[in-house]
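Taking it in order: structure first as structure tokens, then the write-up.
Chain letters run A, B, ... following the sequence lines, proteins first, then strands; residues in each count from 1.
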Amino acid sequence: MTTGPNEGAVGEAERSFVEAARRDKRAALEAAGVSAFAYRYERSHTATQALAAYEDAMGDDGPAVAVAGRIVGLRPQGKTAFLHLEDVSGRLQAYLRRDQLGEDYALLERLDLDDHIGVSGVLFRTRAGEVTVRAQALTLLAKSLRPLPRGKTQAGAEGPVTYGGLQDPELRYRQRYADLAVHPEVREVFRVRSQAISWIRRYLDGLGFLEVETPVLQPLYGGAAARPFVTHHNALDMPLYLRIADELYLKRLLVGGLERVYEIGHDFRNEGMDRTHNPEFTMLEAYQAYADYGDMMTLVEGLVSGVIQHCLGTLRLERHGTTLDFTPPFARVQFIEGVRARSEIDLRTATDEQMRTLLRSRRVDPEQAAQLSGGRLQDEVFKVVLEPDLVQPTFVLDYPKPLSPLAKEHRSDPALTERFELFVGGREFANAFSELNDPDDQRRRFEDQVHQKAAGNDETQPYDSDFIRALEYGMPPAGGVGIGIDRLMMLVADQASIRDVILFPAMRPEG
RNA sequence: GGGGGCGUAGCUCAGCUGGUAGAGCAAGGGACUUUUAAUCCCUAGGUCGUGGGUUCGAGUCCCACCGCCCUCACCA
């Protein structure tokens with residue numbers, strides 16, 4: 001996060017003795033005319049490419065290589081030294097000899113763990129069996145003046161094993177650069193994330209979707225029920241909201257004739273933070289003209305199973321002792337039927353008091369239950385009764401109308417909407433509907449939201465008259481879907497906290 | 001916001017019923033031409049999160065504050 005104002009003002013005397021030693025080495029290098037921060041290095045191989053090149057050569061001595069990376073292990077022994085370099089691909093050992101390096105060997109005394117160096121030389125296999133570069137030239141590329149909080153690492157049978165190391169979660173999130181630098185497995189999480197998102201783009205592009213960008217700063221927020229962040233535009237002297245969803249802008253594009261659009265970007269919601277909520281998070285929204293929520297189910301099945309297969313090579317994931325099977329088609333359960341099958345409550349006919357009684361019997365705080373009514377009470381019943389059962393990928397269909405002000409009324413039941421959510425492991429992953437495109441119906445739904453706000457519901461959607469005007473021009477029937485990318489990444493990368501799939505999660509500033 | 005836990009050397013952690021702080025790794029000096037958590041000898045390293053209080057004496061007990069984690073509430 002932001003560096004505290006005093007951080008840069010730490011004087012030499014206050015710096016740790018470890019850092020002082022590194023600065024002394026830098027000064028000694030520069031006094032000898034050696035730059036501690038080079039401009040570039042002509043690398044011939046990554047560490048992994050070098051290892052492969054040695055195997056391909058099939059001789060005692062392999063090819064000459066020039067590799068670059070960070071020093072992650074340093075074992076000087078008088079007139080020789082071994083060190084390990086780490087680059088983006090992996091690790092490679094280098095063997096340094098005074099009689100082969102000449103003047104470059106003197107540089108060794110000024111090197112530290114964490115420095116970036118370049119090494120060139122011929123590959124060979126040591127007596128201990130490790131493919132290693134016999135250094136003919138050694139170049140300092142960037143001096144590390146502050147030691148990384150790393151543990152000691154040795155090569156194990158199943159990859160490097162680290163002892164000690166960076167454990168403190170606060171330090172890991174605040175100094176993600178250090179976390180990444182010392183934890184290849186954290187780098188891997190974010191490599192997989194990037195791979196997943198680019199696969200999603202290819203998937204949607206392949207279906208003829210157009211990737212678009214809509215405003216993050218909005219004069220009116222909408223498209224979801226959430227409290228927004230508010231900011232101020234100086235030149236216009238007006239408040240602006242950071243978007244809580246892309247929905248209303250993307251549907252304007254359907255009016256404009258862009259039949260298939262999607263956006264991947266950040267939404268901002270001014271609400272609590274926990275292991276599945278960060279104030280800014282990555283949302284995918286996609287809209288398809290002439291489609292309905294049934295088509296969106298097919299789209300979501302293809303997208304979710306495809307990204308899992310692409311990233312992990314399987315559709316069956318072991319998570320917390322259960323096997324999650326993402327082979328389409330996913331299970332389907334109707335909202336009202338699902339509740340009735342598990343509670344003998346029929347949401348179609350149940351009174352508020354019957355629902356409150358049920359909630360109390362399921363250990364919901366009676367005071368809280370008493371505050372809810374109508375749609376929100378139905379939603380609470382659903383959360384208590386049905387949600388925990390939705391472990392395998394399951395579509396929940398046909399939500400009650402009051403909960404879904406942007407969804408089209410169900411074609412066979414006016415009390416419901418054509419909407420589904422995808423649940424996995426009891427957690428929501430996607431939300432989709434047949435999009436409401438009747439401007440008069442949409443106007444009434446907005447008005448209902450305004451009434452709810454007046455009644456004290458502080459997470460309603462404001463009345464967006466420009467959106468109504470757009471619908472009046474005629475929006476084609478369409479299906480739309482939103483998928484929380486961070487939660488999908490938690491599933492793919494098997495991470496328990498959203499903070500572990502966001503590079504720089506929100507934190508209070510350092511005191 | 002409620003409840004619980006944690007904060008000690010650069011990192012990972014000990015530190016009992018209160019008696020002025022300890023280890024491993026990292027660091028500095030020395031030895032060492034195939035090591036790999038290299039090894040061996042020596043050395044240095046701390047406002048115990050911050051501020052109060054109790055006490056002859058506080059890392060330890062009490063209070064407040066700061067930060068992080070867990071949990072509940074909130075949350076499409």
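Side chains of A/Asn431 and A/Arg419: a donor on one and an acceptor on the other come within 3.5 Å. The closest side-chain donor-acceptor pair between A/Gln452 and A/Asp448 falls under 3.5 angstrom.
Side-chain contact between A/Leu406 and A/Lys251 is present, with at least one heavy-atom pair separated by less than 4.5 Å. The closest side-chain heavy-atom distance from A/Leu148 to A/Leu113 is not below 4.5 Å.
Comparing atom distances between the A/Asn431 side chain and each of B/C11, B/A76, B/C69 picks out B/A76 as nearest.
Looking at residues 385-408 of chain A, you'll see A/Leu403, A/Pro405 sit with a heavy atom under 4.0 Å from some atom of RNA chain B.
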Please tabulate, one pair per line, each protein N/O and nucleotide N/O from nucleotides 27-31 of chain B that are separated by under 3.5 Å, including the distance.
unit_1: B/G28; atom_1: OP1; unit_2: A/Lys25; atom_2: NZ; d: 2.5

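Listed pair A/Arg97 / B/U35 fails the phosphate criterion, with no side-chain N or O lying under 4.0 Å from OP1 or OP2. In this model, the phosphate group of B/G67 is not approached by any side-chain N or O of A/Arg174 to a distance below 4.0 Å at OP1 or OP2. A/Arg508 has a side-chain polar atom (N or O) that falls below the 4.0 Å cut-off from OP1 or OP2 of B/C68. Remark: A/Arg98 is not in phosphate contact with B/U33, judged by side-chain N or O atoms under 4.0 Å from OP1 or OP2.
The residue A/Asp99 sits close to a base: some heavy atom pair falls under 4.0 Å.
In this entry B/C16 has no Watson-Crick or G-U wobble partner, no candidate having both defining distances under 3.5 Å. A 3.5 Å limit on both hydrogen-bonding distances identifies B/G67 as the Watson-Crick or G-U partner of B/C6. Nucleotide B/G59 forms no Watson-Crick or G-U wobble pair with any nucleotide shown, as no partner meets the under 3.5 Å limit on both distances. In a base pair of the Watson-Crick type (N1 to N3 plus N6-O4 or O6-N4) or a G-U wobble (N1-O2 and O6-N3), with each distance short of 3.5 Å, B/G45 is matched with no nucleotide.
Listed for the A/Arg487 side chain is no donor-acceptor partner under 3.5 Å among the backbone atoms of A/Ala430.
Ion pairing between A/Asp114 and A/Arg150 holds under the 4.0 Å rule for side-chain N and carboxylate O. Between A/Glu86 and A/Arg187, at least one side-chain N (NZ, or NE/NH1/NH2) sits under 4.0 Å from a carboxylate O, which counts as a salt bridge.
Judged by atom type and distance alone, A/Arg75 reaches the base of B/U35 through a side-chain donor-acceptor pair under 3.5 Å. Residue-to-nucleotide contacts include a donor-acceptor pair under 3.5 Å from the side chain of A/Thr126 to the base of B/U35.
By the 30° and 60° cut-offs, the orientation of the rings of A/Tyr293 relative to A/His410 is perpendicular. Taking the six-membered ring where tryptophan is involved, the planes of A/Tyr399 and A/Phe335 are tilted, since the angle between them lies from 30° to 60°.
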